[in-house]
Amino acid sequence: MSQMKRIAVGGIHTECSTYNPVLIRAEDFHVVRGDELTAYDYFSFLPEDDVQILPLLHARAVPGGPVDRPAYEGFKADLLARLKAALPLDGVYLAMHGAMHVDGMWDAEGDWISAVREVIGPDVPISVSYDLHGNVSQRIIDQIDMFAAYRTAPHIDVRETMERAWNMLLRCLRTGERPFVTWAKIPVLMPGERSSTEDAPADALYAALPGHDTRPGIWSADQMVGYVWADEPRGTACAVVTATDRSEAEAVATELAQAYWDVRADFAFGPVTGPLDEMLDIAAKTETAPLILAESGDNPTGGGVGDNGLVLDALIQRDWQDALIAGITDAPAVDAAFAAGEGAELELTVGGALDPKSIRVAAPFKVLTLVEGAGGAFRQAVVRTGGITVVLAARRRPYHNIEDFTLLGLDPKTVSLLVVKSGYLSPELAPIANPNLMALTEGVVNQDIPKLESLNRTPGLYPWDPEARFTPTPLRSARAPG
Ligand SMILES: [Zn+2]
């Protein structure tokens, strides 16, 4: 580039179940501002010697309920103030998830991205990266120029996707080419657990995307599953294509949408899946270990609450020996364990600390291990009742990485039954599962999709409307050339 191009970087990244009653608050976000953003490992691919990075704000939270409105407005105001101070700009890169729901607002990402567009004006290109479980809208498409989404679920291409969005922006600024986005809605919504890219039919759909990228005039061909646990009008699967060739972009969007629609009835759960009792019956007869049982209705990484004592209750009733439950979010129980101290025995009530619908379990526990966290908010307690060890967390969080266990002195490989609040297993747990079962349980990310209350969804969506008909229609961005 002849002169240093000025590129602003920011974004907001979370996933919100509208069925989850627990709002995500400002303090639940990990926020980086200014130089913290460029120093953050998440963005370590950014530095380029021929561009000037103007870091704004990036806020990221474990999925949950809707985002508290004042928290959202606060982050947005901070971002926009930094954006105004960074002008003039040559480009903007926004690292998004796409399934945020702000309390009392439809299409939160549409609001966020439109606010950025308003500040920078019509001439500055915007590139965005998304989770494939994000929801898209015409309002979003009308503000952006480039779009890249994860192509794996479980997500093992986060960095690659961010780089794809970033590199498209660099290409645009270096060559002067001006890409635009074309999309096609697909009236299908399903949980990530039925659309893992490790299982058919999603594996083949996603494996085909790089081939589309290389077609003439195509920069990126992306397939969105969408987010099913938000009862909002924009929710739908879709194909999103970044291109400089209009007819090729429309052809790719149409083909992707048709291919996804054609296999809508074939999406199925990967592991053996069924009601909790049925899964525990199988677990009782299984001799290989560790058997990893995913409690899918309360999965915090899907937007679940994470406080349900349901499986603990079932295991106590069966007098289960050698099980580890990781974990249950319950700040009062954690505080009680800390007050009692390591080695103490006490009566605890576990579960239902956040959602009154979650199962509460009262039992005698022994406190095994206490781990302090920053400011008390991240405290954890490992407790045991009978043959069942339970990790209690003061704050909503998953236990999906091996390190989450080793930090507590636990080894997930040596227990016979490991229960995690999860849908499909994480990239670190999946390889050690021997075998993996998934329990279909109650909760705000319940897998029984046709039964989800749907007051605001667009009619004609599969599976709510099994007779729905569909002809793909490519839709243009308002920013595409005439
Ligand atoms: Zn996702």
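Predicted model, so just to flag it, every value in this text is computed and none were measured. Keep in mind that the numbers below use all heavy atoms, side chains included, and drop hydrogens, waters and symmetry copies.
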Can you measure from [atom1] ([X]) to [atom2] ([Y]) and round to the nearest 0.5 angstrom?
{"X": "L310", "Y": "I359", "atom1": "CG", "atom2": "CD1", "result": "5.5 Å"}
{"X": "Q223", "Y": "S195", "atom1": "CD", "atom2": "OG", "result": "10.0 Å"}
{"X": "N135", "Y": "I140", "atom1": "CG", "atom2": "CD1", "result": "8.0 Å"}
{"X": "W219", "Y": "D245", "atom1": "CH2", "atom2": "CG", "result": "12.5 Å"}

Are any side-chain N or O atoms of [X] and backbone N or O atoms of [Y], one a donor and one an acceptor, separated by less than 3.5 Å?
{"X": "N436", "Y": "P271", "value": "no"}
{"X": "T236", "Y": "I186", "value": "yes"}
{"X": "S17", "Y": "V444", "value": "yes"}
{"X": "R117", "Y": "G121", "value": "yes"}
{"X": "D145", "Y": "F180", "value": "no"}
{"X": "Y206", "Y": "E198", "value": "no"}
{"X": "N401", "Y": "E403", "value": "no"}
{"X": "R33", "Y": "L56", "value": "no"}
{"X": "E428", "Y": "I402", "value": "yes"}
{"X": "S422", "Y": "N299", "value": "no"}

Test of ring centre spacing under 6.0 Å for [X] and [Y]:
{"X": "Y72", "Y": "W112", "value": "yes"}
{"X": "Y227", "Y": "H133", "value": "no"}
{"X": "F29", "Y": "H13", "value": "no"}
{"X": "F43", "Y": "H58", "value": "yes"}
{"X": "Y130", "Y": "Y150", "value": "no"}

With P191 via side-chain contact (heavy atoms from CB on, under 4.5 Å) - residues at least two apart: E193, R194, V228, W229, Q447, I449

Audit row: D123, R479, salt bridge (charged side-chain N to carboxylate O under 4.0 Å, His left out) steps and yes/no: CA-CA 10 Å; D123 299 329; R479 297 182 54 73; over 6 Å; no

Over-ring placement of R234 relative to W106, 6.0 Å and 45° cut-offs: no

Check against side-chain contact (heavy atoms from CB on, under 4.5 Å), V391 and L408: CA-CA 9 Å; V391 177; L408 299 168; 3.7 Å; yes

For [X] against [Y], the heavy-atom pair lying closest together:
{"X": "T197", "Y": "A202", "result": "CA-CB, 4.1 Å"}
{"X": "I24", "Y": "G64", "result": "CD1-N, 3.6 Å"}
{"X": "A393", "Y": "V334", "result": "C-CG2, 3.6 Å"}
{"X": "T182", "Y": "A249", "result": "OG1-CB, 3.8 Å"}

Is it the case that over 12 heavy atoms from other parts of the model lie below 6.0 angstrom from the [atom1] atom of [X]?
{"X": "E177", "atom1": "CD", "answer": "yes"}
{"X": "E36", "atom1": "CD", "answer": "yes"}
{"X": "E73", "atom1": "CD", "answer": "yes"}

State plainly whether the residues [X] and [Y] are in salt-bridge range, i.e. N to O under 4.0 Å.
{"X": "R215", "Y": "E255", "answer": "yes"}
{"X": "K5", "Y": "D50", "answer": "no"}
{"X": "D330", "Y": "R396", "answer": "no"}
{"X": "R25", "Y": "D28", "answer": "yes"}

What I want to check is whether the side chains of [X] and [Y] have a donor and an acceptor closer together than 3.5 Å.
{"X": "E163", "Y": "N167", "result": "no"}
{"X": "D107", "Y": "S137", "result": "yes"}
{"X": "Y42", "Y": "R159", "result": "no"}
{"X": "S454", "Y": "D231", "result": "no"}

Test side-chain contact (heavy atoms from CB on, under 4.5 Å) applied to L370 and R379, step by step: CA-CA 8 Å; L370 299 171; R379 276 177 162 187; over 6 Å; no

With F470, the ring-ring contact (aromatic ring centres under 6.0 Å, His included) member among W261, Y260, Y462: W261

Pairs of donor and acceptor atoms involving the side chains of residues 84-95, under 3.5 Å and at least two apart or interchain, shall be tabulated with distances.
from : atom 1 : to   : atom 2 : distance (Å)
D90  : OD2    : R6   : N      : 2.7
Y93  : OH     : S129 : OG     : 2.7

Test salt bridge (charged side-chain N to carboxylate O under 4.0 Å, His left out) applied to E232 and R457, step by step: CA-CA 5 Å; E232 51 179 32; R457 296 179 196 277; over 6 Å; no

Residue pair D298, K421: steps toward the salt bridge (charged side-chain N to carboxylate O under 4.0 Å, His left out) verdict: CA-CA 6 Å; D298 197 33; K421 292 183 185 289; 2.7 Å; yes

Chi angles and distances behind the side-chain contact (heavy atoms from CB on, under 4.5 Å) call for L46, W166: CA-CA 8 Å; L46 283 178; W166 173 251; 3.6 Å; yes

Stepwise side-chain contact (heavy atoms from CB on, under 4.5 Å) check, I113 with V128: CA-CA 9 Å; I113 297 169; V128 299; 4.3 Å; yes

CA sep, side-chain torsions, deciding dist, call: K451, D448, salt bridge (charged side-chain N to carboxylate O under 4.0 Å, His left out): CA-CA 6 Å; K451 288 206 182 129; D448 192 353; 3.4 Å; yes

Matching residue for R164 among D222, D157, T242 - test: side-chain hydrogen bond (donor to acceptor under 3.5 Å, both in side chains): D222

